[in-house]
Amino acid sequence: MDSMISTTGGHTSSTEGKTITCKAAVAWEAGKQLTLEDIEVAPPKAHEVRIEIYYTGVCHTDAYTLSGKDPEGAFPIVLGHEGAGIVESVGEGVTSVKPGDYVVALYTPECKECKFCKSGKTNLCGKIRATQGRGVMPDGTSRFKCRGKDLLHFMGTSTFSQYTVVADISVVAITKDAPMDRTCLLGCGITTGYGAAVETAKVEEGSTVAVFGAGCVGLSVVQGAVQRKAGKIIVVDLNPSKKEWAEKFGATDFVNPGELKNQSIVEKLIEMTDGGCDYTFDCTGNVGVMRAALEACHKGWGQSIVIGVAAAGQEISTRPFQLVTGRVWKGCAFGGIKGRTQLPDLVDDYMKGKLKVDEFITHRKHLQDINQAFDVMKQGDCIRCVVTMRDA
Ligand SMILES: NC(=O)C1=CN([C@@H]2O[C@H](COP(=O)(O)OP(=O)(O)OC[C@H]3O[C@@H](n4cnc5c(N)ncnc54)[C@H](OP(=O)(O)O)[C@@H]3O)[C@@H](O)[C@H]2O)C=CC1
Ligand SMILES: N[C@@H](CCC(=O)N[C@@H](CSC=O)C(=O)NCC(=O)O)C(=O)O
Ligand SMILES: [Zn+2]
Ligand SMILES: [Zn+2]
């Protein structure tokens with residue numbers, strides 16, 4: 001049996017091979033607040049990595065699973081999937097990272113060997129998706145224990161713990177020069193929106209783009225569309241305070257559908273773009289918005305990218321004629337970005353000032369106040385809240 005030690009932080013080899021007791025925010029039940037607990041984190045097994053998490057973002061997908069609307073959501077669980085930290089120890093056979101490496105956890109893993117990874121058509125990796133969806137490590141067991149019970153893992157990352165264990169294909173090393181309190185956001189929101197524009201849609205110079213929802217994901221789509229030199233970037237949001245945010249990230253226009261008189265948002269966008277947009281993006285998770293985004297696309301070639309996550313039981317619909325007449329409906333996870341291959345370059349872009357990251361951080365909290373991070377996320381003035389996992 002592993003010996004038990006306590007730690008207050010700092011990665012040292014003294015913890016290698018031992019169970020670590022640390023603080024984590026545990027979701028015991030759907031719809032309830034997280035509870036700060038002492039949990040036991042077992043050492044990494046073969047092809048696993050134990051990471052000391054320094055910072056984590058809180059994403060709407062964490063709130064979605066906590067709400068009980070996620071068909072894959074099960075409890076008790078350690079949520080969180082937007083984390084950066086330092087490798088504490090690695091299991092047998094791990095060659096891609098080593099103790100001391102600065103890393104970002106990847107909820108979209110990249111094994112580079114499976115049918116998906118080798119297809120050249122997607123960033124989805126099939127290697128551990130089944131166990132990840134069941135909240136366990138690839139061998140079918142958990143590395144987390146609390147009050148004598150196993151806790152489930154989340155999205156293969158579980159970053160709401162001071163230490164977590166992930167598969168070696170679910171982590172990427174990045175430059176040590178990059179501040180982890182910002183790079184954590186490249187673990188989901190920013191990469192998702194930016195990648196959706198530059199990698200999935202491959203927005204072209206001069207094209208017309210509409211982005212529904214100006215949260216972290218939508219503003220990141222705007223950033224990607226600016227990078228691809230789109231001609232018109234229209235942000236659509238019901239919250240009037242998002243106009244300023246949209247402009248800050250380079251949007252050319254802002255439309256509040258709630259302020260339209262005798263005109264639907266689809267009609268408005270078609271009018272503004274001489275027949276429809278070349279690219280639209282749903283960054284709300286609202287299936288009605290997804291339909292509007294598709295129908296606001298230009299006949300013959302317009303593409304609509306679904307990014308938002310809709311609750312269990314929700315379905316999208318449109319007249320098939322919309323597709324018969326050449327509009328394309330597609331979607332992506334993590335923006336279509338392959339984490340191990342492409343994330344280090346995104347971090348470098350950030351370090352060179354070519355990718356905005358700091359600008360998304362509106363709030364900061366400490367682990368013991370993580371429930372406040374969920375509260376502020378629901379307020380219109382929060383783009384991203386970063387949680388510090390270690391005591392000051
Ligand atoms: N596919 C993927 O890989 C990923 C998907 N996601 C999903 O993407 C979505 C967006 O995430 P995030 O940016 O963090 O979320 P936010 O809630 O921060 O942003 C969504 C924005 O959409 C606005 N909005 C809500 N309803 C409408 C509407 N009917 N019309 C126009 N705007 C609307 C919201 O306004 P208000 O502030 O007033 O509510 C808010 O400004 C979520 O569903 C999330 O789960 C996130 C990461 C990765
Ligand atoms: N479990 C959910 C699926 C939610 C979902 O679509 N997740 C996205 C990432 S959202 C990040 O914030 C994703 O990666 N999807 C691909 C995947 O393989 O899960 C449900 O069943 O609704
Ligand atoms: Zn997310
Ligand atoms: Zn793979």
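These figures come from a predicted structure and were not determined experimentally. Whatever order the structure lists ligands and atoms in, that order sets their numbers, starting from 1.
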- Item | Electrostatic pair K23:E52 at N-O distance under 4.0 angstrom | no
- Relative to the heavy atoms of C188, which atoms of ligand 2 are at a distance of less than 4.0 Å? 11 (C), 12 (O)
- re atom 18 (O) of ligand 2, the protein heavy-atom contact at minimum distance is R129 NE, 2.6 Å
- Message: Which of the numbered atoms in ligand 2 are under 4.0 angstrom from any heavy atom belonging to P71?
- Response: 20 (C), 21 (O), 22 (O)
- Query: How far is atom 13 (C) of ligand 2 from its nearest protein heavy atom, and which residue and atom is that?
  - Reply: A333 CB, 3.7 Å
- The atom name of the N, O or S atom in H81 nearest to the Zn ion (ligand 3) is NE2
- Message: Is there a side-chain contact between S220 and F360 in this structure, where contact means two heavy atoms from C-beta onward sitting under 4.5 Å apart?
- Response: yes
- Item | Pair R50 + E16: basic N to acidic O under 4.0 Å | no
- Message: Could you check whether any heavy atom of H81 sits closer than 4.0 Å to an atom of ligand 2, since that is the contact criterion I want to use?
- Response: yes
- Item | Nearest neighbour of atom 5 (C) of ligand 2 from the list V306, V309, T61, on a heavy-atom basis | V309
- Metal site the Zn ion (ligand 3): N/O/S of C59 inside 2.8 Å: yes
- Identity of the nearest option to atom 14 (O) of ligand 2, non-hydrogen atoms only, from F334, Y64, Y107: Y107
- Message: How long is the straight-line distance from CD1 of I337 back to CD of E110, given to the nearest 0.5 Å?
- Response: 10.5 Å
- Task: Would you mind checking which non-hydrogen protein atom is closest to atom 2 (C) of ligand 2, with the distance to 0.1 Å?
- Result: D70 OD1, 3.2 Å
- Message: Can you tell me which portion of H60 lies within the under-4.0 Å heavy-atom range of ligand 2? Options are side chain, backbone, both, or neither.
- Response: neither
- Task: Report the C-alpha separation of T141 and R143 in whole Å, then their side-chain angles, then the decisive distance to 0.1 Å, and conclude whether the side chain to side chain donor-acceptor pair (under 3.5 Å) test is met.
- Result: CA-CA 7 Å; T141 64; R143 301 290 162 270; 2.8 Å; yes
- Task: For residues V221 and F249, determine if any side-chain heavy atom of one lies less than 4.5 Å from a side-chain heavy atom of the other.
- Result: no
- Task: Could you tell me the residue and atom name of the protein heavy atom closest to atom 3 (C) of ligand 2, and the distance to it rounded to 0.1 Å?
- Result: E72 OE1, 4.2 Å
- Message: What I'd like to find out is whether the side chain of C283 reaches to under 4.5 Å of the side chain of V211, using heavy atoms alone.
- Response: yes
- Hey, are the side chains of V97 and V172 touching, using non-hydrogen atoms and a 4.5 Å cut-off? no
- Numbering the atoms of ligand 2 from 1, which are under 4.0 Å from a heavy atom of C59? 12 (O)
- Query: If the Zn ion (ligand 4) is the vertex, what is the angle to SG of C111 and SG of C117, rounded to 10 degrees?
  - Reply: 110°
- Message: Quick check: T108 and ligand 2, any N/O pair under 3.5 Å apart?
- Response: no
- Any protein heavy atom lying closer than 4.0 Å to atom 16 (C) of ligand 2? yes
- Per the side chain to side chain donor-acceptor pair (under 3.5 Å) rule, which among T273, D278, T280, D274 passes with T208? D278
- Are side-chain heavy atoms of M389 and Y54 found at a separation under 4.5 Å? no
- Query: Can you check whether F212 and F281 have ring centres sitting under 6.0 Å from each other?
  - Reply: no
- Does M155 come within less than 4.0 Å of ligand 2, judged by its heavy atoms? yes
